[in-house]
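Attaching a single structure in structure tokens format; questions to follow.
Chain identifiers are assigned alphabetically (A, B, ...) following the order of the sequence lines, protein sequences preceding nucleic acid strands; residue numbering begins at 1 within each chain.
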Amino acid sequence: MHRASTCVMERLLRPRHGFRLDIQPAAPGFAQLGEAGEVPEANARDGPDDLDANAGDEAINLHANDGDEPGIGIGDVLEADPENTAFVLARIIDLFPALARGYATAANAVKVPVVLHGIEGRYASALYAAAAKKQALEAVESDLKQVKAVVEKDAKLRQFLENPTINRNEKKDGVKKMLSVGKYSDLTKNLFDTLAENGRLYDTVKIINSYDSLMSAHRGEVQVTITSAKELEAKDVNKIKGFLSKSAYVGPKQTLVVSNKVNPAILGGLVVEFGDKTIDLSVSSKVNKLNQLLQDKMRLSAGTSIAITLALASVGARASAQEAFHEELVLKPLQDGGVYSHFQFTTHLAWPSDASDSIDARQRLFSHYNLFPRSIGQVLQSFDVEELHLTFTQGRWQYKDWGYHLAPTAGTGVELSAWLQDNNRTDENWKGLVNTLSGLFCASLNFIDDTITVEPRLSFRNEGAYNVHHHSRSSAASPNSARLRYGSLPHENVCTENLTPWIKLLPCKAKAGIASLIKSHKLFDSRFYSMAIHVRPVCEDELCTVKSLEFVQSISTVIDVAKGTRNSDWTLDSLFERQIMEACPLASSSNVVVILPGGKSAEGTYELSPAPGKHSIKDIKEDNHRVAVYNLLERYTMQSNAGAFELALRWTKDLAESKVDVPGVVARRYFTGYGQERGGLTIELHNYNSEPVEALYFDALPWFLKLYLHTMTVQVDSLAVNDLGDIVLAKYYQPAIDRASPAVLEMKLRLPAQAMVKFSLQFDKVFLKYTEHPPDANRGFDVGCAVLTAFLPRGQGQIGFGGLDYLRSYQGRDQSLLNSGLEQVRIYTEPLMVSLPTPDFSMPYNVITLTCTVIVLFFGSMFNLLTRAFEAVEPKKTK
Amino acid sequence: MAAVHQTQTASMASLSKSETSSKPASRAGTVFALAALVRLVLFELPGLADLLASRVEISTPITSFKRLSEGVFLFRNGVPPYSGGVVHQAPLLLGLFYPIISIPVLVRLLYIASDLAIGSMLSRMAELKASQMSRKQQHEKENTTGSMAEMEGSTWSGLTVASLYLFNPFTVASCVGQSTILFSNVAVVASLWMGMKGNKSIAMFGVALAAYLSLYPIMLAIPVALLLTQHIDGESKKRAIQLSVGFLATWTVALLGLSWVLVGSWDFMSSVYGTILSVRDLTPNLGLLWYFFIEMFDHFRPFFLVVFQLHLFIFAAPVSIKLRHHPLFVAYLLTAIIGTLKAYTSVGDASLYLGLLPLYSEVFKYMRYSFLIGNLFLYSSCLAPIFWYLWVYLGSGNANFYYAVGLVYGIGEIILMVDSTYALLRRDFDLQNPPTKPEDWSREVLQK
């Protein structure tokens, strides 16, 4: 997890770089794992930013003789929020173990007054720390001033220092000579030795300047530069000064040195720079931000835009974590005695909010992270992936018995969909993505080739706040500059092989927290199992001022508790044969949620232990549900030896009477006809709602079924419909190309209330070459699921409960959907199997021989006739 | 001189027509009416038309009416019809059916009318050929003293030829099954008829249209050119050939250009002609190639593909040279070769060459294997549906069964071609070496 911490620091410290940081106690996990020494150097080495990593290592050398005590450097990172006008006292976060090691924190107590960025900053800070320990701060300062004076005067010396062609050893000797002239402290000599060794002498002046600024901070001076469009009056300057000095960032002993710069380009407002912080309150940046928002097609009415302007202008602090991890387990007792458990692990990674362009933003995003899995980050980066959904499913979801999923799953097999940046490498990237994921998850995803890949036009819309990083002012990136690719392998089996790499992506693996319940043999011995990863960009607030990349890992499984015993009571232990001993230390939240069966009415028919506290039971009115929430983080931080979390549900009465959640819309699809020549496809869509429902039907049929769209008929409750316009609002059809691409049928439908809409159409089966048949040719070919995306009234949707923000946040954030009170549910039909006519596989030679014989019979006879003339045989001769 | 000849021919034809107009006209009316009635009734029989349309022997991937309907449907709904793998029929066919496909009656009438048109053109051709031959005979009688008239025997009348076409079960099945090969056949017969009448432009239009619809009939340009120039000599012959080639090229370009205008892309080239040439769709039919290419090893596939396609085209030249005095027979033989060796063959192809063959009824008595040929056609026609059912529906047979039927059918076609060609050449030999003595009638003739 610390693999990129140096990089994180580097990123944090870039000038004019705003980050919000949560005000919350540092996650203990950082410290823990940091001390446990997850070998930060090793991780740093394979980090994306080698230069920084090296800088860290170099700095260690500087203090090798001081003894390298491992410790935690405390970086007091204060971040000013460029969008809001307030100062934020950021939490003291222990983000920099590697940095700390780099400086070796000669004294544990030494605290660098200002955290500086860049290589020169590191050297300066390291020098400062070492000098502070030896109480030689001023001595070193004067040394450096001397050196600086000499260097600035002597052009030859400067050339010597900056010339990269001079051998390092020569430089070292030269520097030694230079320093031997005057009186310099050991620290200074060491510094120049190290610089020479590391080939950093050309940074000498910069390092000296950095050291100067450290010293000035040490003395309590804070340089404040206020840039304004017009010169500020003294009154205003004092006001700002007063305000700044009140901020917790400026210590009581520090003095503010304020200077005023004038720059008409900012139009209005202020840009306040102090120390390494920049607070951009200029009108120009607001205008730019607004432009971005508008470009983003955020549906802003004029009123709201004004509201944003006001919000931006007003003083309001908003902080959020740069990275956060949440874990959650939702348990739902089902009516048939099973238990539906949904594990969800969510990691948020904040987008750089002030990136100059999208490429920059991506690069910076993917070069610094702790919790976000590196393998996924690399995949996203190298294949220009904007959004990624990969689901492994086994078993069939029983809509009628179990209601809808709590979170999206997929049909049997593997389903992969991704939004890729629209450039000339989109298809290449998709291939690369598929192959890489194939290796990552040990699955046959590489079989998703052109004959399977489709680009849905209506279904599978992007789910996140889309294109968050396409806000560059320069490039005219259109909002739709990403392309969707979708593929599914209905025949793919899901097994432990796929689960193991999935677990590896978790910050705590399966070692701590809710994930410790994951035991493969128990999970796979279930009626339904679905495992997924989802990556998408999301907005952290309504106006999308803070964006982040969300990575969700989920497992949904339905375990048949009553199997064999007919006893539906369960405990966590009986369900998973594992126990939760602690919350994941890295998690910002860790909850176990039980959806109480039957809502309020079923109270008293069951006992839950431990009994949920009053405040932890929530009624979700809109969804007509009641949930009990157990906060594991609280449990394990409050009580140091809380022991295993033992959750149990015991039924005191029969649960037979409780009502089944009837799903509002159910889709079925089946083949009709017999024989291997042709067949029919029938799609039945039941709408049990009392009002019409809009839905999108998506079906990708393999090329070996030749669809005849003109044979499509529509029936509503077994009555033929002639005017399709009432039912089918829009249709997209892409015919299959032999051996190249599948047929795609998409329809936007309006399903009448309490009715069954039935589509049927005919297809021909294709005769395949004998090499195109699989070894088990007579088993048949799998045809993937059709997907119905229904827009259902709240309360029927997948998320049958509110308040579980991280589950809900996964839902489509389409503003219009939220407003209309509809929820989007994806309903999968059963996968199908089709048997194609087979040739006789033992015949090739016979067929070649026989066919060629017949053809040669013709050729020979014709040749004879055409080349030879008739001649009468003289009777004499023959006699 | 040619002009004189032509007017003479025309006047003679009209003369013979007017002479025999009263009785045979009514007889012809009956025949054609009956043919139309049979088709109408069969169209009306519940399920029969669909059954026939779904038979692989009648509808191939490139002639299936169901696929054409899909193409029209896609076209109507704004989906490029040739972007997918279903439609392999020429764009102008889509254009033809675009306005009428939703009215089944019109579609059926179009099919029936096309079939009757072929019948009528065949009967005219038979009459034209008879008149040309009788003139030749008269001409020869004046010169030689041989008993040519006896040798010639009487050729079958136009009506007989027409009814042989119209009541051929293959023709009827193909028509009721709405196979679009019919339109290619119309074009072929029209071009031959116009060729006999000496109308270069329309004759070449027929060839171009047939080639546009199903590619292979491009070979028929040679016999049609022979027909157009059979009564011309010297320089004018050369000019006529040049003119014909010019017409053919113009018409072909015009048809392709019109198609492009209609569908707005050249996708149809690979979808229509690419499929015909590369045999991408391996749906079984009565031909020899579908199973061959299903079973073929991938790395030999291109080789055999090229060999078989060349094999088909390669006969155009030698047959035309050897039989240059019988251009109509060349046309028959080439259509038979196409119908036998092409990848997507159907009974519609057979109906064309079986319709052309009776024009040469005089060679029948030289044929040696008529009985065998008849039986091969009969067996394969009966067994094909049965073996298909055993393979595809019952699963008690396998693909080899149906393939074997195809082989038998192919052998039947081959023997028919070989035997009829033999008969023609043998008859030519007799014409050139007329038997003079009584023992000549039983002389033995061999190929050397």
* Asked: If you tally heavy-atom pairs under 4.5 Å against chain A, which of Ser69(B), Pro318(B), Pro61(B) wins?
  ->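 Top count of heavy-atom pairs under 4.5 Å with chain A: Ser69(B).
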
* Asked: In terms of the angle between their ring planes, are His710(A) and Phe73(B) parallel, tilted or perpendicular, with boundaries placed at 30° and 60°?
  -> tilted

* **Residue among Trp290(B), Phe300(B), Trp388(B), Phe304(B) with most heavy-atom pairs under 4.5 Å to chain A** => Trp388(B)

* To do: Please flag which part of Ser741(A) lies under 4.5 Å from any non-hydrogen atom of chain B: side chain, backbone, both or neither.
  =>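 Neither part, no heavy atoms under 4.5 Å.
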
* To do: For the pair His311(B) and Phe859(A), name the ring-plane relationship: parallel under 30°, tilted 30 to 60°, perpendicular over 60°.
  =>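 His311(B) vs Phe859(A) ring planes: tilted.
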
* Option that, when pairs with chain B are counted at under 4.5 Å, heavy atom only, ranks first among Tyr845(A), Tyr770(A), Trp703(A), Tyr732(A) -> Tyr770(A)

* Leu768(A) versus chain B, the contacting section by heavy-atom distance below 4.5 Å -> backbone

* Toward chain A, the part of Asn433(B) with a non-hydrogen atom under 4.5 Å ->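 It is neither, since no heavy atom gets under 4.5 Å.
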
* Structure fact -> Highest number of heavy-atom pairs under 4.5 Å with chain A among Glu413(B), Arg76(B), Gln432(B), Met417(B) belongs to Met417(B)

* Heavy-atom pairs under 4.5 Å with chain A are the metric here; pick the option from Ser83(B), Gly395(B), Ser271(B) that has the most. =>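 The answer is Ser83(B).
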
* Heavy-atom contact with chain B under 4.5 Å, split by part of Lys731(A) ->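 For Lys731(A), side-chain heavy atoms alone lie under 4.5 Å from chain B.
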
* Asked: Under 30°, 30 to 60°, or over 60°: which ring-plane class applies to Phe460(A) and Tyr486(A), parallel, tilted or perpendicular?
  ->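 Rings of Phe460(A) and Tyr486(A): tilted, 30 to 60°.
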
* Mutual orientation of the aromatic rings belonging to Phe759(A) and Tyr697(A) [parallel < 30°, tilted 30-60°, perpendicular > 60°] -> parallel

* Asked: Where on Ala736(A) is there a heavy atom nearer than 4.5 Å to chain B: the side chain, the backbone, both, or neither?
  ->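 The answer is the backbone of Ala736(A).
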
* Relative to chain A, which segment of Tyr403(B) carries a heavy atom at a distance below 4.5 Å: side chain, backbone, both, or neither? -> side chain

* No-hydrogen, no-angle side-chain donor-acceptor test under 3.5 Å, Tyr422(B) and Ser861(A) -> no

* Verify the ring-centre separation between Phe303(B) and Phe297(B): is it less than 6.0 angstrom? => no

* Does the ring centre of Trp391(B) sit less than 6.0 Å away from the ring centre of Phe767(A)? -> yes

* **Among the listed options Asp298(B), Val87(B), Val79(B), the residue most often paired with chain A at heavy-atom distances under 4.5 Å** =>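 Of the candidates given, the most pairs with chain A belong to Asp298(B).
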
* Counting only heavy atoms closer than 4.5 Å, note whether Val854(A) contacts chain B via side chain, backbone, both or neither. => both

* **Side chain, backbone, both or neither of Glu772(A) within contact of chain B (heavy atoms, under 4.5 Å)** =>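 Neither part.
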
* Asked: Closest approach of Val272(B) and Tyr82(B), non-hydrogen atoms and distance?
  ->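 Minimum heavy-atom separation between Val272(B) and Tyr82(B): CG2-CE2, 3.9 Å.
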
* In terms of heavy-atom pairs under 4.5 Å with chain A, which of Lys66(B), Arg301(B), Arg67(B), Arg280(B) leads? ->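 Sorted descending by pairs with chain A, the first entry is Lys66(B).
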
* Relative to chain A, which segment of Phe292(B) carries a heavy atom at a distance below 4.5 Å: side chain, backbone, both, or neither? -> both

